[in-house]
There are 2 protein chains.
Amino acid sequence: MTGMTEPTPKPSQERPYARAHERLKAAGLRSTRQRLALARLLLEKGDRHVTAEGLHAETKAAGIRISLATVYNTLHQFTDAGLLREVVVGTGRSWFDTNLDDHHHFLFEESGRIEDIPPGRIALSDLPAPPDGTSLAGVDVVVRVREGS
Amino acid sequence: MTGMTEPTPKPSQERPYARAHERLKAAGLRSTRQRLALARLLLEKGDRHVTAEGLHAETKAAGIRISLATVYNTLHQFTDAGLLREVVVGTGRSWFDTNLDDHHHFLFEESGRIEDIPPGRIALSDLPAPPDGTSLAGVDVVVRVREGS
DNA sequence: GTGATTGCAAATCTTTTGCACTAAA
DNA sequence: TTTAGTGCAAAAGATTTGCAATCAC
């Protein structure tokens with residue numbers, strides 16, 4: 001027991017970093033300045049699809065200083081911690097998706113951008129049995145669309 | 001008319017490059033030494049999935065001298081000409097598939113290798129409508145499997 | 001002969017890594 | 001204090017490109 005007054009915890013809506021801090025803590029990640037900033041950008045804005053490059057540009061625009069290498073590392077740490085999902089489509093570009101539900105993607109061929117397909121809009125039947133000696137890890141469906149026409 | 005004897009054309013089975021030559025010609029591509037060699041490796045051995053790197057190694061092992069850049073360029077020319085299909089899965093690696101039929105792939109996560117899923121083994125229903133202003137370009141299904149267990 | 005094709009090396013693009021420095025707990 | 005995390009620059013793939021030399025037609 002201390003003689004000091006306990007500070008009254010404010011509800012997290014009033015402390016912008018509190019939610020991010022809690023999520024990082026729950027994921028077993030230290031709340032560093034850069035992880036908090038990225039967590040806020042990614043996890044408090046609804047569903048998002050970002051590339052490392054794009055997120056880095058976003059932090060720069062917001063006046064947050066983070067190196068591109070740290071953005072890459074952090075995105076992978078978040079993915080390993082189950083806060084993000086990595087989506088590999090199109091050539092040589094990884095997207096990170098904040099939507100963790102089981103879902104699939106539209107791929108816009110011109111821009112390489114992706115977008116969620118509303119849940120329940122794709123049904124797969126007759127899934128083939130995995131080849132001998134293998135087990136199913138997941139199924140990805142990519143619906144490629146062209147802009148215009 | 002010449003006094004010379006016309007050489008009797010042999011059936012193409014006996015002239016290993018004849019078929020490849022005809023396919024290139026039909027595709028509007030000049031029959032260069034390297035295109036013929038690659039066409040034979042790719043198109044006369046049943047269904048194949050190759051990477052540029054892998055195909056380059058194969059030519060080297062066969063004593064055929066082709067630069068890696070030319071292998072890349074040729075694979076793309078063949079793809080543009082409709083002789084091959086490019087399959088992008090996993091990170092930063094393009095596969096070229098000699099199977100032009102509409103079909104999908106297993107992806108072996110450890111090795112990054114792909115394999116055709118037997119036709120008719122996947123049925124998609126309830127395909128979502130392409131977003132406004134876009135038209136459907138194709139649907140790719142990747143069944144990811146893990147080796148072992 | 002002449003324009004398409006090739007080879008090479010250098011450039012590009014995305015992503016990863018090594019390591020000295022910094023900061024969270 | 002101690003150990004995880006960061007920044008930077010350099011490395012590492014995969015692929016592309018520029019250009020002079022070469023080859024198919």
Side-chain angles (χ1 to χ4, degrees), chain A residues 17-18 20-39 49-60 63-81 83-84 86-96 111-114, chain B residues 17-18 20-39 49-60 63-81 83-84 86-96 111-114:
Chain A
Y17 286 92
H21 173 71
E22 280 149 28
R23 291 206 63 178
L24 291 177
K25 201 166 146 191
L29 295 171
R30 279 194 188 176
S31 289
T32 65
R33 178 177 65 79
Q34 25 291 298
R35 296 218 270 230
L36 281 170
L38 295 179
H49 300 95
V50 299
T51 60
E53 197 75 49
L55 185 58
H56 185 234
E58 214 175 306
T59 58
K60 206 180 279 184
I64 304 164
R65 264 251 230 68
I66 308 189
S67 75
L68 179 57
T70 296
V71 172
Y72 270 105
N73 293 335
T74 303
L75 285 172
H76 284 129
Q77 289 153 0
F78 283 11
T79 301
D80 292 344
L83 299 173
L84 292 177
E86 187 171 2
V87 181
V88 180
V89 292
T91 316
R93 207 186 202 72
S94 274
W95 289 94
F96 293 85
S111 59
R113 202 164 36 86
I114 66 172
Chain B
Y17 286 91
H21 174 71
E22 281 148 27
R23 291 208 62 179
L24 290 177
K25 201 166 145 191
L29 295 171
R30 281 196 185 174
S31 289
T32 65
R33 179 177 64 78
Q34 26 291 294
R35 298 219 268 231
L36 281 170
L38 294 179
H49 300 95
V50 300
T51 59
E53 196 75 49
L55 185 57
H56 185 234
E58 214 175 306
T59 59
K60 205 180 279 184
I64 304 162
R65 262 251 231 71
I66 307 188
S67 75
L68 179 58
T70 296
V71 172
Y72 271 105
N73 293 335
T74 304
L75 285 172
H76 284 129
Q77 289 154 1
F78 283 10
T79 301
D80 293 343
L83 299 173
L84 292 179
E86 187 171 3
V87 182
V88 180
V89 291
T91 316
R93 207 187 202 71
S94 274
W95 289 93
F96 293 86
S111 58
R113 203 164 35 87
I114 65 173

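Please read all numbers here as calculations on a predicted model, not as lab measurements. A note on names: the letters A, B, ... follow the listed sequences, proteins ahead of strands, and every chain is numbered from 1.
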With sugar-phosphate meaning primed atoms plus P, OP1 and OP2, does A:H56 contact a base, only sugar-phosphate, or nothing at under 4.0 Å between heavy atoms? nothing
Atom pair CG (B:L75) and CZ (B:F96), whose distance is rounded to the nearest 0.5 Å: 4.5 Å
Who pairs with B:Q77 by side chain to side chain donor-acceptor pair (under 3.5 Å), at least two apart in sequence or on another chain? B:R35
Nucleotides 3-10 of chain C: protein proximity per nucleotide (B base, S sugar-phosphate only, - neither; heavy atom, under 4.0 Å): BSSSBBB-
May I have the distance from A:R93 (atom CZ) to C:dT12 (atom C1'), rounded to whole angstrom? 13 Å
Among all residues two or more places apart in sequence or in another chain, which pass the ring pair (Phe, Tyr, Trp, His ring centres under 6.0 Å) test with B:Y72? none
Base, sugar-phosphate alone, or nothing: which one does B:S31 contact when heavy atoms must sit under 4.0 Å apart? sugar-phosphate
Need two values: the first and the last nucleotide of DNA chain D, 5' to 3', having an atom under 4.0 Å from any heavy-atom of chain A. D:dT3 to D:dA9
If I take atom OG1 from residue B:T74 and atom CD1 from residue B:I66, how far apart are they, to the nearest 0.5 angstrom? 6.5 Å
Partner set under side chain to side chain donor-acceptor pair (under 3.5 Å) for B:T79, not counting sequence neighbours: none
B:E53: which residues meet the salt bridge (Lys or Arg N to Asp or Glu O under 4.0 Å) condition with it, sequence neighbours left out? none
5' priority, DNA chain D, between B:H21 and B:E53 [closest heavy atom]: B:E53
Name each donor-acceptor pair under 3.5 Å that joins a side chain in residues 23-30 of chain A to protein atoms two or more places apart or in another chain, with its distance.
none

Which angle, rounded to 10°, do you find between the first-five-pair axis and the last-five-pair axis of the helix from C:dG1-D:dC25 to C:dA25-D:dT1? 30°
Tell me every residue that passes ring pair (Phe, Tyr, Trp, His ring centres under 6.0 Å) with A:H49, counting only those two or more places apart in sequence or in another chain. A:H105
For B:T32, give me all partners under side chain to side chain donor-acceptor pair (under 3.5 Å), at least two apart in sequence or on another chain. none
Return the set of residues passing salt bridge (Lys or Arg N to Asp or Glu O under 4.0 Å) with B:R93 (not counting sequence neighbours), or none when no residue passes. none
Rounded to the Å, how far apart are B:Y72 OH and C:dC13 P? 16 Å
Base, sugar-phosphate or nothing for A:S94? Non-hydrogen atoms, less than 4.0 Å. sugar-phosphate
For A:E58, the salt bridge (Lys or Arg N to Asp or Glu O under 4.0 Å) test, sequence neighbours excluded, returns A:R48
Taking CG from A:L36 and P from C:dA24, how many angstroms apart are they, rounded to a whole number? 9 Å
